[in-house]
*Asks:* 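I have a structure here, written as structure tokens, and I will follow up with some questions on it.
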Amino acid sequence: CTDTSALYIFQHNNKNYAIVKDAKSWTDAIACAYQLGGVLAIIDNQEEQDAIWAEIPNANITNSNTSAPDGGQASYLWIGGSDMGEEGKWEWIGESGEATQFWQGTVFGSVVGELYNNWGNEPDDYLGQQDGLALALTSWPLGSAGEWNDLNIENPLYLIIEAEIDTSSGNS
């Protein structure tokens with residue numbers, strides 16, 4: 001799904017992460033994550049959000065190569081959330097395609113199960129066409145760099161993959 005030269009790899013809390021600097025739609029991004037043995041990043045808490053955010057500058061991303069016209073022209077990285085199954089039911093998509101809901105509704109919605117979220121003034125389902133979750137690299141009219149935004153899944157964006165480190169065999 002990508003050349004290894006397009007990967008920036010780092011670790012945090014027994015997980016490997018890869019920023020893939022190869023623009024893909026959200027559905028192609030999730031397929032690429034599976035192909036590489038992981039999932040699109042599922043950000044569980046502020047510590048993980050901060051660790052990912054701290055590594056992004058090291059990936060040497062050219063922001064204009066991963067921007068979304070429907071996201072205020074800001075630059076983004078795909079992460080593993082979507083409401084494609086049911087509008088407003090935001091879910092993290094895991095390894096086997098299992099889904100864990102973390103948000104219900106639009107910007108005026110609510111957190112589900114006390115799970116972490118980092119929305120800007122979002123989600124807003126702009127034009128009824130935004131079903132993929134992305135982490136903003138730059139600010140946009142409704143949010144700031146580092147926050148999340150819902151975007152059209154057809155936007156060609158870079159992505160963040162995560163995979164558990166297998167500590168039982170010493171392999172990763």
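Only this structure's heavy atoms are used, side chains among them; waters, hydrogens and symmetry mates stay out. These numbers come from a predicted model, not from an experiment.
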*Asks:* Side chains of W53 and N118: does their closest heavy-atom pair fall under 4.5 Å?
*Replies:*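 Result no, sub-4.5 Å side-chain heavy-atom pair not found.
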*Asks:* Between V112 and I43, is there shared hydrophobic-cluster membership here, with clusters defined by ILVMFWY side-chain heavy atoms closer than 4.5 Å?
*Replies:*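 No: no chain of side-chain contacts under 4.5 Å links V112 to I43.
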*Asks:* Where the side chain of T100 meets the backbone of W92, is there a donor-acceptor pair that is under 3.5 Å apart?
*Replies:*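 No; judged by distance alone, with no hydrogens or angles, the pair does not exist.
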*Asks:* Would you say the side-chain atoms of Q49 pair up with the backbone N or O of G146, donor to acceptor, closer than 3.5 Å?
*Replies:*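 Confirmed, Q49 side chain pairs with G146 backbone.
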*Asks:* So how far is it from N58 CG to I9 CD1, rounded to the nearest 0.5 Å?
*Replies:*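 The CD1 atom of I9 is 13.5 Å from CG of N58, to the nearest 0.5 Å.
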*Asks:* Taking atom types as modelled, find out whether W103 and E122 have a side-chain donor-acceptor pair closer than 3.5 angstrom.
*Replies:*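 Short answer, no.
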*Asks:* Answer with yes or no whether the side chains of D70 and Q129 bring together a donor and an acceptor at under 3.5 Å.
*Replies:*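 Per modelled atom types, Q129 and D70 side chains form no pair under 3.5 Å.
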*Asks:* May I ask you to test the H12-E47 pair for a side-chain heavy-atom distance under 4.5 Å?
*Replies:*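 Of all side-chain heavy-atom pairs linking E47 with H12, at least one is under 4.5 Å.
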*Asks:* What pair of heavy atoms forms the shortest contact from Q35 to C1, and how long is it?
*Replies:*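 So the minimum-distance heavy-atom pair works out to NE2-N, 3.2 Å.
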*Asks:* Inspect the surroundings of OH in Y126 and state if more than 12 heavy atoms from other residues, nucleotides or ligands are less than 6.0 Å away.
*Replies:*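 Open.
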*Asks:* Please confirm whether the backbone N or O of D124 pairs with a side-chain atom of T106, one donor and one acceptor, at under 3.5 Å?
*Replies:*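 Answer holds: no.
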*Asks:* Answer whether the closest heavy-atom distance between the side chains of L40 and I79 falls below 4.5 Å.
*Replies:*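 They are not in side-chain contact.
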*Asks:* Can you see whether D125 engages Q130 through a side-chain donor-acceptor pair at a distance of less than 3.5 angstrom?
*Replies:*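 Not at all, the side chains of D125 and Q130 share no donor-acceptor pair under 3.5 Å.
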*Asks:* If every non-hydrogen atom of S64 is compared with every non-hydrogen atom of S75, which pair is closest and at what distance?
*Replies:*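 Shortest heavy-atom contact: N-OG, 4.2 Å.
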*Asks:* Test your reading of the model: is there a side-chain donor-acceptor pair from S82 to the backbone of D131, 3.5 Å cut-off?
*Replies:*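 Indeed, once roles are kept as given, a pair shorter than 3.5 Å links the two residues.
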*Asks:* Is W78 reaching over with its side chain to a backbone N or O of D28, donor-acceptor style, under 3.5 angstrom?
*Replies:*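 Not at all, since once roles are kept as given, no pair shorter than 3.5 Å links the two residues.
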*Asks:* So, do I61 and I19 sit near enough that their side-chain heavy atoms are less than 4.5 Å apart?
*Replies:*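 Contact flag for I61/I19 side chains = yes.
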*Asks:* Is a side-chain N or O of E98 found less than 3.5 angstrom from the main chain of S96, in a donor-acceptor match?
*Replies:*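 At least one qualifying donor-acceptor pair exists.
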*Asks:* So, E48 versus Y17: side-chain donor-acceptor pair below 3.5 Å or not?
*Replies:*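 Yes.
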*Asks:* Under 3.5 Å, side chain of K89 to main-chain N/O of Q101, donor-acceptor pair present?
*Replies:*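 No.
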*Asks:* Please answer whether the main-chain N or O of Y158 pairs with a side-chain N or O of T66 as donor and acceptor at a distance below 3.5 Å.
*Replies:*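 Present.
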*Asks:* Are L142 and V107 side-chain neighbours, meaning at least one heavy-atom pair lies under 4.5 Å?
*Replies:*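 L142 does not reach V107 side chain to side chain.
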*Asks:* Counting only heavy atoms from other residues, nucleotides and ligands, does the tally under 6.0 Å from CD of Q104 exceed 12?
*Replies:*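 Enclosed: over 12 neighbouring heavy atoms sit under 6.0 Å from CD of Q104.
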*Asks:* Are any non-hydrogen side-chain atoms of W90 and W119 less than 4.5 angstrom apart?
*Replies:*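 Of all side-chain heavy-atom pairs linking W119 with W90, at least one is under 4.5 Å.
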*Asks:* Evaluate the side-chain proximity of I161 to V20: yes if any heavy-atom separation is below 4.5 Å, no if none is.
*Replies:*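 Side-chain contact under 4.5 Å: yes.
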*Asks:* Is there a donor-acceptor pair under 3.5 Å between the side chain of E95 and the backbone N or O of V39?
*Replies:*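 No, because the side chain of E95 does not come within donor-acceptor range (under 3.5 Å) of the backbone of V39.
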*Asks:* With a 4.5 Å cut-off on side-chain heavy atoms, are I52 and L77 touching?
*Replies:*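 They are not in contact (no side-chain heavy atoms under 4.5 Å apart), so the answer is no.
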*Asks:* Using modelled atom types only, decide if a donor and an acceptor are shared between the side chain of S139 and the backbone of A145 within a distance under 3.5 Å.
*Replies:*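 Side chain of S139 to backbone of A145, a donor-acceptor pair under 3.5 Å: yes, one is there.
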*Asks:* What verdict does the ring-ring contact (aromatic ring centres under 6.0 Å, His included) test give for W148 and Y116, after you've listed the backbone C-alpha separation in whole Å, the side-chain angles of each residue and the deciding distance to 0.1 Å?
*Replies:* CA-CA 12 Å; W148 303 348; Y116 179 75; 5.7 Å; yes
